[in-house]
Amino acid sequence: MRVTFLGTGTSQGVPVVACGCDVCVNGTKKDHRLRTSILIEVENTFINVDAGPDFRYQMLREKVKRLDAILITHCHKDHIAGLDDVRSFNYLLKKPMDIYAIPRDQKAIINEFAYAFGEERYPGVPSFNMYTIGHEIFTVNGLKITPLPALHMKMEVLGFRLGDFSYVTDTNYIPGATLALMMGSKVVVLNALRRRKHASHYNLEEAVKVLEFLRPEQAYITHISHLMGFHEEVNRELPSFIRLAYDGLTLEL
Ligand SMILES: [Zn+2]
Ligand SMILES: [Zn+2]
């Protein structure tokens with residue numbers, strides 16, 4: 001399995017538009033973060049988790065030629081805004097894009113992209129096949145995927161486990177039953193926004209605590225804001241099995 005971090009930034013990305021802070025102005029390549037998403041490649045199946053506003057550029061940057069499915073963690077704009085750009089895959093693969101989402105998120109996608117779901121669809125609009133998921137294990141091209149329910153303040157979000165890899169973003173609370181599902185993963189990816197506490201995201205300290213409890217071989221932090229500080233400086237403070245992820249980072253599992 002190969003995992004590529006397409007984006008590791010919070011909803012505004014880093015740098016933040018018009019921000020004059022040190023990280024936004026003087027950050028190097030690893031401080032530049034597009035909106036959070038990953039690409040998973042396993043046995044010639046290509047799966048995105050989320051398709052935020054940077055989806056188009058992320059597909060170009062990583063030269064993605066084929067995409068079989070998109071799993072949706074939750075319907076916030078920074079995770080679904082790029083779905084219109086599945087059009088090239090529709091055209092090349094001659095089929096709708098398979099979207100796996102809970103009913104609430106399907107409704108949000110249908111509202112957001114109403115023109116793609118209407119009775120009289122304009123030629124060239126994106127096309128989607130919606131698959132309903134919940135807390136039960138599901139398969140994509142025969143690959144077993146375990147949903148990892150968590151809370152984003154009061155909103156339920158889904159993370160996903162494939163084999164030894166667990167990915168959870170946009171949470172500030174992972175229930176015990178989900179931690180049990182994540183146990184034994186070799187690699188865990190978890191969100192942390194910044195150092196200060198936040199209402200709907202783990203801060204760095206909280207994420208580190210969860211990761212120390214799960215104690216995978218390797219862990220990565222994603223969905224990072226400009227307030228986290230410089231990539232290299234934060235990395236130096238972290239336990240050696242935890243690193244901040246960065247855009248373009250690829251893991252082989
Ligand atoms: Zn988000
Ligand atoms: Zn969110």
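Order of listing sets the numbers, starting from 1, for every ligand and every atom in it.
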Angle subtended at the Zn ion (ligand 1) by D78 OD2 and H79 NE2, rounded to 10 degrees: 90°
N, O or S from H201 under 2.8 Å to the Zn ion (ligand 1): no
Shortest-distance N/O/S atom, D170 versus the Zn ion (ligand 2): OD2
Using 30° and 60° as the class boundaries, would you call the ring planes of F160 and F138 parallel, tilted or perpendicular? perpendicular
Any salt bridge between E112 and K77, counting N to O under 4.0 Å? yes
Given side-chain hydrogen bond (donor to acceptor under 3.5 Å, both in side chains), test H74 with D50 step by step and report yes or no. CA-CA 8 Å; H74 66 303; D50 294 327; 5.1 Å; no
Is the Zn ion (ligand 1) less than 2.8 Å from an N/O/S atom of H223, whether that atom is in the backbone or a side chain? yes
What is the name of the N/O/S atom of H76 that is nearest to the Zn ion (ligand 2)? ND1
Under a 4.0 Å threshold between the charged nitrogen and the carboxylate oxygen, would D54 count as salt-bridged to R56? no
May I ask you to establish whether R161 and Y167 are in a cation-pi arrangement, using a distance under 6.0 Å from NZ or CZ to the six-membered ring centre and at most 45° from the ring axis? no
